[in-house]
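Just so it is clear: chains get the letters A, B, ... in the order the sequence lines come, proteins before strands, and each one is counted from 1.
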Number of protein chains: 2
Amino acid sequence: MSKQIKVQPDDSTEQKIKNAAQKVFIQKGYSGTSTRDIADEAGINNALVNYYFRSKEKLFDIVMKEQVTTLFDKILPIVNNETTTLAQKIQAIIDYHTEVLLAQPGISLFVLSELHNQPERIAIYMQANRGLSRSVLARQFKEVKPDINPIQLIMTVMGMILFPFMGRYVFQRTSGLDNKEFDALLKERTKLVPALIKAMLED
Amino acid sequence: MSKQIKVQPDDSTEQKIKNAAQKVFIQKGYSGTSTRDIADEAGINNALVNYYFRSKEKLFDIVMKEQVTTLFDKILPIVNNETTTLAQKIQAIIDYHTEVLLAQPGISLFVLSELHNQPERIAIYMQANRGLSRSVLARQFKEVKPDINPIQLIMTVMGMILFPFMGRYVFQRTSGLDNKEFDALLKERTKLVPALIKAMLED
DNA sequence: GTCTATACAAAGATAGAC
DNA sequence: GTCTATCTTTGTATAGAC
């Protein structure tokens, strides 16, 4: 009698294709990926990619939109929270991005790279455009540092957190650290970076 | 009698192809670029690409190696200078990268992206591997901050400088600034970033 | 050295059988 | 809904004329 009531199956063919597409697109980029790669990764016939998503481009749009949302749109509630301090917001952004990227390390490089390769499509992906510079965070920053554009703060925080993930391969090589040790370094940055920003705000 | 003595012509067909390849590869990435794109950009027949460089892959290797050198290897003399202070080194790195990227804004995203897409070829491109962590700069940093891995400093500095160039399109959009204004912001960072790092070293 | 023409392979997409 | 087979386009590379 405890029958499941029509749960969306996460192992439906459509979902399998989407998951596979996300993985392969992030790894190889749009033009480096063939629809056959995706079909192979999903373990299904290559004709089904077109059957479910009409074209490679449409499937890519879906994946890309999701990653842009994860990277940018989801921090909007944080930066527009009226009840938190500036320092709390920064810490929250740092913690969020670190958590996301530890789970899916490739997305920041993927998103920025594809936006660079296809700037004419940026409008399709980015919706919350002026979200950052008109945010509560920007207003709070201006009260402390009226001479500095708030975008400088955003770029600084994001650069310090995201960049090590984007260049991980290089940095891990030059430092000789293994995966576990480097992960520890990345987590250490969730404390190191706020300390730096604190100095920026007080000085 | 004042005859030029065999100057390498920068407008030779071979050079035109290399210049075109650099431009197109940086714009579209390896797999997004066709040899016809390169030939068109160079204004020559597409057969000549293979004639001069044997294959797309070999041509790419040449371009890529050059960009990696520009981005990483060329700062080695700076970080290994025995006569400069830590703060001077950091300022020099910042000034160098800012200058390079203002002239050629795409290279950091290009290099990191291709290294990510083709990690198995990283050995071909990166030679000065342990250069950073065994540098004079690393030694000097350890004297001030023995508890922090010097790679944290490197990642922080590079992240703060390079990241705004990598996400320029996004940030310019969210800030509503035009090209000139955003360039000014980028230059402002050559002073803003060292001030932050100073706080990191003193605290 | 440079061009035209073309061979050859890879990739996106569709038709039609099951 | 899923498969096989195939059409078409695009892209890499080479042969051969000039």
### Message
Going by the rule side chain to side chain contact (heavy atoms under 4.5 Å, CB included), which residues pair with A:Asn19 if we only count those two or more places apart in sequence or in a different chain?
### Response
A:Gln15
### Message
Listing request: all side chain to side chain donor-acceptor pair (under 3.5 Å) pairs with a residue in residues 40-50 of chain B, at least two apart in sequence or in separate chains.
### Response
B:Lys23-B:Glu41
### A:Phe53 CZ - D:dG1 P separation (whole Å)
12 Å
### Query
Quick one: ring-ring contact (aromatic ring centres under 6.0 Å, His included) pairs with a partner in residues 27-56 of chain A, sequence neighbours left out?
A:Tyr30-A:Phe60
### Task
Starting at atom NZ of A:Lys16, determine the distance to atom P of D:dG1, rounded to an integer number of angstrom.
13 Å
### Task
Mark up nucleotides 2-18 of chain C, 5' to 3', with B wherever a protein heavy atom is under 4.0 angstrom from a base atom, S wherever such an atom reaches only the sugar-phosphate, and - elsewhere.
BBB------BBBB----
### Message
Considering only residues two or more places apart or on different chains, which pairs with a residue in residues 81-103 of chain A satisfy salt bridge (charged side-chain N to carboxylate O under 4.0 Å, His left out)?
### Response
A:Glu82-A:Arg139
### Task
May I have all residue pairs that pass salt bridge (charged side-chain N to carboxylate O under 4.0 Å, His left out) and include part of residues 48-64 of chain A, sequence neighbours excluded?
A:Glu57-A:Arg121, A:Asp61-A:Arg121
